[in-house]
**Q** 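Below are the structure tokens for one structure; questions will follow.
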Amino acid sequence: MKIATWNVNSLKVRLQHVIDWLKESQTDVLCLQELKLPNEKFPGAELEAAGYRSWFAGQKTYNGVGILVRDGLVVDEATVVRNIPGFEDPQQRMIATTIGDVRVVSAYFPNGQAPGTEKFAYKLDWLNAMHDWLAQEMQRYPKLALLGDYNIAPEDRDVHDPKAWEGQNLVSPEERAQFARLIELGFVDAFRQFEQPEKTFTWWDYRMFAFRRNAGLRIDHILLSPALAPLCKSVEVDKTPRKWEQPSDHTPVIAQLDVAS
DNA sequence: ATGGCTGATAGGATCAGA
């Protein structure tokens, strides 16, 4: 089973990219972030025609997450969860479902703006709530995969220019400590289980020719629970869609799991 | 140098992203 994550920065604008990439990559389960559309505008019929069923939590203008599942995979409808249980939030940033015996979570972590701001405080609150919920979720579902735009670059090697970024939003010690807390739950950064090219990133600013200069960050991740991590056979960042016309600023990360699909 | 792009909402500038 191939699972992937992609912040598409508007599913309306990127629908054809998603459909083309699904076909090209042969992905079975695609977690999406930043749909930027209300539920009534979700392009379910177009994705169905491409061979995928969709679960999503959208809202107007901002945020919004979804999980696309290839036809034929068994999804347990009764286990779908939208947003973090117990964490009141109008922002739609998390959806979870169960495919076979694999629990899949698609998450759009808050950006945070800058350390010290209200939005940064919200980011830390959200991360705390997510951490506590995931601790329980891992007990319920040993095979747990957390995919998404984390808006955290865990280490300096995930940053094109660590000096310039030192202490900034997305790399600050507080955020990295939160990422480390997820690792302490037992999660494994699937990407780092394998040898990877130097300076592999998943996001590049639209401005200043950042992609051309590879001035990016690795902020989109796939974390796997202890029971699932050993079943992961490869992880790669696929830069191709970032080269397409009118791309998302993020590019997909894909993992091959040794799980029946 | 807080600029530089892009998308959504709106029907022009502003917010938000990272």
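Just so you know, these numbers use all the heavy atoms, side chains as well, and skip hydrogens, waters and symmetry mates. Letters go in sequence order (proteins before strands), and every chain restarts at 1. Computed from a predicted structure; not experimentally measured.
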**Q** Distance check, P atoms only: B/dG3 and B/dT14, in whole angstrom units.
**A**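 My reading of the P atoms in B/dG3 and B/dT14 gives 12 Å.
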**Q** Do A/Asp238 and A/Trp21 meet the criterion of a side-chain donor-acceptor pair at a distance under 3.5 Å?
**A**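 Result is yes, a qualifying pair exists.
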**Q** Report the residue from A/Trp204, A/Tyr206, A/Phe201 that forms a ring pair (Phe, Tyr, Trp, His ring centres under 6.0 Å) with A/Phe211.
**A**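 The residue from A/Trp204, A/Tyr206, A/Phe201 that satisfies ring pair (Phe, Tyr, Trp, His ring centres under 6.0 Å) with A/Phe211 turns out to be A/Trp204.
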**Q** Does B/dG11 fall in syn (glycosidic angle within 90° of 0) or anti?
**A**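 B/dG11: anti.
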**Q** Would you confirm whether A/Arg103, through its side chain, and A/Arg140, through its main-chain N or O, come within 3.5 Å as a donor-acceptor pair?
**A**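 Not a single qualifying donor-acceptor pair exists.
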**Q** With rounding to the closest Å, how many angstrom separate the P atoms on B/dG4 and B/dC15?
**A**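 That atom pair is separated by 15 Å.
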**Q** Which part of the nucleic acid, if any, lies within contact of A/Asp220, taking any heavy atom under 4.0 Å across all strands shown: a base, the sugar-phosphate backbone alone, or nothing?
**A**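 No contact.
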**Q** Can you tell me how far C1' in B/dT2 sits from the matching atom in B/dA18, rounded to whole Å?
**A**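 To the nearest whole Å, 13 Å.
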**Q** With a 4.0 Å heavy-atom cut-off, tell me which residues in residues 105-131 of chain A come close to DNA chain B, sorted by residue number.
**A**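 Residues of residues 105-131 of chain A under 4.0 Å from DNA chain B: A/Tyr108, A/Asn111, A/Lys119.
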**Q** If you pin A/Asp249 and A/Lys12 to their nearest nucleotides in DNA chain B, which one's is more 5'?
**A**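 This one resolves to A/Lys12.
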**Q** Mind telling me whether A/His17 and A/Trp244 have parallel, tilted or perpendicular rings, with 30° and 60° as the class edges?
**A**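 It falls in the perpendicular class, over 60°.
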**Q** Pick one: which of A/His250, A/His221, A/Gln33 meets side-chain hydrogen bond (donor to acceptor under 3.5 Å, both in side chains) with A/Thr5?
**A**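 Option passing the side-chain hydrogen bond (donor to acceptor under 3.5 Å, both in side chains) with A/Thr5: A/Gln33.
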**Q** Using the side-chain hydrogen bond (donor to acceptor under 3.5 Å, both in side chains) criterion, which residues pair with A/Trp165? Sequence neighbours excluded.
**A**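 Residues passing side-chain hydrogen bond (donor to acceptor under 3.5 Å, both in side chains) with A/Trp165: A/His160.
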**Q** Treating Ile, Leu, Val, Met, Phe, Trp and Tyr as nodes and any side-chain heavy-atom pair under 4.5 angstrom as an edge, say whether A/Leu185 and A/Phe179 lie in one connected cluster.
**A**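 Per the 4.5 Å side-chain linkage, A/Leu185 and A/Phe179 are co-clustered.
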**Q** For the P atoms, the ones on B/dA16 and on B/dA10, what distance do you get once it is rounded to whole angstrom?
**A**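 About 14 Å, rounded to a whole number of Å.
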**Q** Reading DNA chain B 5' to 3', which nucleotide is the first, and which the last, to come under 4.0 Å of any heavy atom in chain A?
**A**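 Extent of the interface on DNA chain B: B/dG4 to B/dA18.
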**Q** Would you mind classifying the nucleic acid contact of A/Leu37 as base, sugar-phosphate or nothing, using non-hydrogen atoms under 4.0 angstrom?
**A**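 Counting heavy atoms under 4.0 Å across all strands, no contact is made by A/Leu37.
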**Q** Start at the 5' end of DNA chain B and walk down; is the nucleotide closest to A/Pro38 or to A/Asn151 reached first?
**A**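 By nearest-heavy-atom nucleotide position, the 5'-most residue is A/Pro38.
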**Q** Expressed in whole Å, how much space separates the C1' atoms belonging to B/dG7 and B/dG12?
**A**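 Their C1' atoms lie roughly 16 Å apart.
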**Q** Strictly below 4.0 Å, N to O, side chains only: are A/Asp205 and A/Arg207 in salt-bridge contact?
**A**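 Judged by the 4.0 Å cut-off on N to carboxylate O distance, A/Asp205 and A/Arg207 do form a salt bridge.
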**Q** Just to be sure I understand the rule, does A/Gln246 reach a base, reach only the sugar-phosphate, or reach nothing, if contact means heavy atoms closer than 4.0 Å?
**A**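 Result for A/Gln246 = sugar-phosphate.
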**Q** Does this structure show an ion pair linking A/Asp101 with A/Lys143, if we count only N-O contacts that are shorter than 4.0 Å?
**A**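 Looking at A/Lys143 together with A/Asp101, the answer is yes, because their closest N to O distance falls below 4.0 Å.
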